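As a basis for the values below, the full set of heavy atoms in this structure was taken, side chains included, without hydrogen atoms, waters or symmetry mates. Quick caveat, the model's predicted, so the values are computed rather than measured. Every chain is numbered from 1 and lettered A, B, ... according to where its sequence line falls, protein lines coming before strand lines.
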Amino acid sequence: MQNNLVIVESPAKAKTIQKFLGTDFKVLSSYGHIRDLNKKHAGIDVENDFTPNYEVPADKKNIVAELKREAKKASIVWLASDEDREGEAISWHLSEVLKLKPEQTKRIVFHEITKSAILDAINNPREIDINLVDAQQARRILDRLVGFELSPVLWKKVKPSLSAGRVQSVAVRLIVEREREIRNFKPEASYRVVAVFKVPEENGRTVELKAELNKRIPTYAQAKELLEHCASKLFTIKDIKKSPLKKNPAPPFTTSTLQQEAARKLGFPVARTMMVAQKLYESGRITYMRTDSVNLSGLAINASKETILDKMGEKYLKIRKFTTKSKGAQEAHEAIRPTDMHTTAITGSAQEKKLYDLIWKRTIASQMAEAQLEKTNVHISIDGVDGYHFVATGEVIKFDGFLKVYRESFDNHQDEEEVPELPTDANMLPPMKVGEVLPFANISATERFTLQPPRYTEASLVRKLEELGIGRPSTYAPTISTIQNRGYVVRGDSEGETRVFKRIVLTGDGLGEETDTESFGSNKGRLVSTDIGTVVNDFLMAYFPNVMNYNFTADIELTFDEIAAGNKKWTEVLRNFYTKFHPNVVSVENMKMEHRVGERILGNDAETGLPISVKIGRYGPVVQMGDPDAEEKPRFAQLQKGQSIETLTLEEAHDLFKLPRIAGEYEDLTVKIGVGRFGPYIYHHGKYVSIPKTEDPLKISLDTCIELIEAKRKADIEKHIKSFDEEPELEILNGRWGPYISYQKSNYKIPKSVEDPKLLSLEECLELIKKQEKGTAGKRKANARAAANKKKAKTATKKKATTKKAAAKKTTTKKTAAKKTAAKKVVAKKVVAKADTTKE
DNA sequence: CAGTGAGCGAGCTTCCGCTTGACTT
């Protein structure tokens, strides 16, 4: 019996393939890349032809060890990673690390996970394509060089811990530039004229017909004049034009289009879409969710065909092949589709069901007939008035086709009124004849403002990045997290402003006028650049325009393609880039700057005459009053929410120094108002109370402060459910997620089975704590690794910081083997808290 | 959760793309 080892990238895939291949083959997964550049600058020997120094990261050691063991036992190792640049490199790294001999190694690829495709692949093995591997090495090393040389420049010139990179910096640029466009946008008003006509029907009733004037009217006076004219005019149907209209279904989902549609239709953030999709993939419901291909396998097309014939009939069927048009697509996988089209609904969580349904519909629709519509345009003239006429439009579905199951959504322009995407009954026009004269019910002219450019949502940013060929399906969601974690971009939470608009209405009784209000400029849930993002972007744009160029990635991809084709040497490509890039970095690093990057001098303070400036401080945007060289030290104040370095005025800056201030006394103790890391607060009797957004900390009265203090006290009492005299450190509290136990600074869940937490005894509480401690014990090892991330420890309370830092440090030195990984902020914080309690 | 920030200074931060876990007080 032959001993075969097959290595794929994903464990879920390994499981499926194992079933096809039987016991002669053992199928294992590499879990993606198994090697990466060393974290230190030694990761690349620039002097020596960019020789990369690869190492197996700590969290891959176990997997590599297992693969080594199995490879030793196997007579043939089949490297079956994906058929793209990264996949080829994974195979190469595997063959290097596992020390595979050429005669025992075979490289295979398949595009769909079916028995026949896999057997076919096994029958057609090839060798590793070293040119493709070199293209990947060039990509990897270039990204490292850019990221690890630019970031330190930012630490030095702007603020520590910032980052720059080929993908993220361009993503930030898109958002910064959009925000500037919005800031410079001046809305222009014009009047939109809509008439409601009365169309008589045969039964004697009348039906209303809405029609819009062919042009907008620029001014109020002109709009009024036109309406006055209309009062005495006749309206005649001049023309009725019917034209057929076809609509085609959208192609099957890729990562990017799935993220967009799930955001629009289900309201999912891109990270959630990916999590739910991963679940569906692992349970075998859908194909791989990180793909840029719109291709469907023959199997999927066949199953779709059967389903359509079975459920809807032959006239709904139309087999289609879609081709990718996105830049830089590598198409190592299929489109995202259900593994079995016959399964129309699944069991699982509500989110899983919804996402599956969306994928199923999109896939089936892609193999369905086009929809046939009829569009009607009615031209209604105003007798005796030239240049103006009314237009009524209607759309009727003649044959629904794919619309029977799926309608693609489109981003509505922000602030725009909802436009129905497709015909509804309201779009049906009543029967009419050319030459018919129509009376009107009313004609109105409504003031409308031009709309500012829309801010990006997570999903629309992904679409833009994909369009520019920047980033990959596996990185869209992480990139969006990164730029938010660095503080370059935030999700907006402002409702926007309101404005008044006018409306003139003509009815049978004559001309009337009214005003109304509308809100505009909301940025809720949309991506907004911060001061830090703006300053970093402007800095990079000024000194590293090449890397910031929207075409940088696309251009460099072309040279990677050249490497893959064997026409260029990867070291040459890197040298070409680096000999220009590196000196640029060095010169910017050594550049003497008169002011801090992004600093704005506002002028001199009216009261003190001291100079005032705004800039990025160590903790974010800050105003400074005074000269650091002067005898008297400068004063600092943090900018408030909604203020920005770019727009802050001298007066606003001056006001910021009015805090902290004493508002008065309450219960014989001073009431102080200040502004901290988390916004404005009231300090009284050793306690802090947040000041809500609706109050201005500069103007808030003592009475309001007292109200807030009392409200906080009441909330604190309600928060407290129970405590025990014997154990003052243990409390039952009411939190955001319901009641929980707080004990020695750690929190513990109360299971849902407990009906009334008030009735819990001390023993029961300790029991619950013990149970949960046990559960976390196993995770400590992983946590210790994250503890190496000391920087986050610093953000802990100042008072506790010193002891905590020491504790965290101890953990790291003890477990030196577990080197720091890119631990997430949340994880790191938690670990620090635990380091105190978990002494081993 | 909280009021910091130009005396010293060591050592830290950081990239993009492959993959999955562990995690919600």
List for me each residue that meets salt bridge (Lys or Arg N to Asp or Glu O under 4.0 Å) alongside A:Lys13, sequence neighbours excluded, and say none if there are none. A:Asp82

Just checking A:Gly674: base, sugar-phosphate only, or nothing, at a heavy-atom cut-off of under 4.0 Å? nothing

Is A:Gly87 touching bases, backbone alone, or none of the nucleic acid, heavy atoms closer than 4.0 Å? nothing

Distance-only, no hydrogens or angles: does the A:Asn53 side chain make a donor-acceptor pair with backbone N or O of A:Ile44 under 3.5 Å? no

Sorted by chain and number, sequence neighbours left out, side chain to side chain contact (heavy atoms under 4.5 Å, CB included) with A:Val588 holds for A:Val153, A:Phe539, A:Tyr543, A:Phe544, A:Asn584, A:Met591

Think A:Gln278 has a side-chain N or O under 4.0 angstrom from the OP1 or OP2 of B:dT20? yes

Send over the distance from A:Trp155 CH2 to B:dT14 C1', rounded to a whole Å. 5 Å

side-chain N/O A:Arg618 vs B:dA6 OP1/OP2, d < 4.0 Å: yes

Rounded off to whole Å, could you give me the NE2-to-C1' distance for the A:His93 and B:dT19 pair? 14 Å

Has A:Arg290 got a side-chain N or O lying under 4.0 Å from the OP1 or OP2 atom of B:dT19? yes

Classify the side-chain pair A:Gln259/A:Thr273 by whether it contains a donor and acceptor separated by less than 3.5 Å. no

Could you state the atom-to-atom distance from CD of A:Glu282 to P of B:dT20 in whole Å? 6 Å

Could you check whether the side chain of A:Arg140 and the base of B:dC15 have a donor-acceptor pair of N or O atoms closer than 3.5 Å, going by distance alone? yes

Does a distance-only test, which skips hydrogens and angles, find a donor-acceptor pair under 3.5 Å between the side chain of A:Arg472 and the base of B:dC16? no

Residue set satisfying ring pair (Phe, Tyr, Trp, His ring centres under 6.0 Å) with A:Phe50, at least two apart, ordered chain then number -> A:Tyr578

Have A:Ser163 and A:Arg486 got a donor and an acceptor in their side chains that come within less than 3.5 Å? yes

B:dT13 P sits how many Å from A:Lys156 NZ, rounded? 18 Å

Nucleotide B:dG17, atom C1' - distance to OH of A:Tyr54 in whole Å: 13 Å

Measure CD1/A:Ile34 against C1'/B:dG17 and give the value in whole Å, please. 15 Å

Answer yes or no: does atom NZ of A:Lys61 have more than 12 heavy-atom neighbours from other residues, nucleotides or ligands under 6.0 Å? yes

Toward the 5' end of DNA chain B, by each residue's nearest nucleotide, A:Lys615 or A:Tyr681: A:Tyr681

Counting only side-chain N and O atoms of A:Ser10, is one of them less than 4.0 Å from OP1 or OP2 of B:dT20? yes

B:dT14 base stacked by A:Phe148 (centroids within less than 5.5 Å, tilt under 30°): yes

Using the six-membered ring for Trp and the full ring for Phe, Tyr or His, decide whether A:Tyr31 stacks on the six-membered base ring of B:dC18 (centres under 5.5 Å, planes under 30°). no

Contact class for A:Thr479 (heavy atom, under 4.0 Å): base, sugar-phosphate, or nothing? nothing

Should the side chain of A:Lys712 and the base of B:dA2 be counted as holding a donor-acceptor pair, with the cut-off at 3.5 Å? no

Select from A:Pro152 and A:Pro473 the residue whose nearest nucleotide in DNA chain B is closer to the 5' end of that strand. A:Pro152

Distance check: side-chain N/O of A:Arg35 vs OP1/OP2 of B:dT19, anything under 4.0 Å? no

If you take atom types as modelled and just measure distance, does the side chain of A:Tyr619 reach the base of B:dT4 with a donor-acceptor pair under 3.5 Å? yes

Below 4.0 angstrom, which residues in residues 163-172 of chain A have at least one non-hydrogen atom near DNA chain B? A:Ser163, A:Ala164, A:Gly165, A:Arg166, A:Val167, A:Gln168

Where is the tightest heavy-atom contact between A:Phe657 and A:Gln624, given as atom of each residue plus distance? CZ-C, 3.9 Å

A:Thr475 side chain near B:dG17 phosphate (N/O to OP1/OP2, under 4.0 Å): yes

Exactly one of A:Val671, A:Leu708, A:Ile673, A:Val689 clears side chain to side chain contact (heavy atoms under 4.5 Å, CB included) with A:His684, and that residue is A:Val671

Parallel, tilted or perpendicular: which one describes the rings of A:Phe577 and A:Phe552, with boundaries at 30° and 60°? tilted

Who are the side chain to side chain contact (heavy atoms under 4.5 Å, CB included) partners of A:Val133, not counting sequence neighbours? A:Glu88, A:Trp92, A:Ile128, A:Ile130, A:Gln137

N/O (side chain, A:Tyr288) to phosphate O (OP1/OP2, B:dT19) under 4.0 Å: yes

Dot-bracket for DNA chain B, please. Rules: Watson-Crick or G-U, both distances under 3.5 Å, ( ) within the strand, [ ] when a pair crosses earlier ones, | for another strand, . otherwise. .........................

When the distance from CG of A:Leu67 to C1' of B:dT19 is rounded to whole Å, what number comes out? 13 Å

Would you classify A:Val675 as touching base, sugar-phosphate or nothing, given that sugar-phosphate means primed atoms plus P, OP1 and OP2, and contacts are heavy atoms under 4.0 Å? nothing

Under 4.0 angstrom, heavy atoms only, what part of the nucleic acid is A:Leu37 near: base, sugar-phosphate, or nothing? nothing

In terms of heavy-atom contacts, does NZ of A:Lys712 have more than 12 from other residues, nucleotides or ligands at under 6.0 Å? yes

Rounded to whole angstroms, how far apart are CD1 on A:Ile616 and C1' on B:dG5? 13 Å

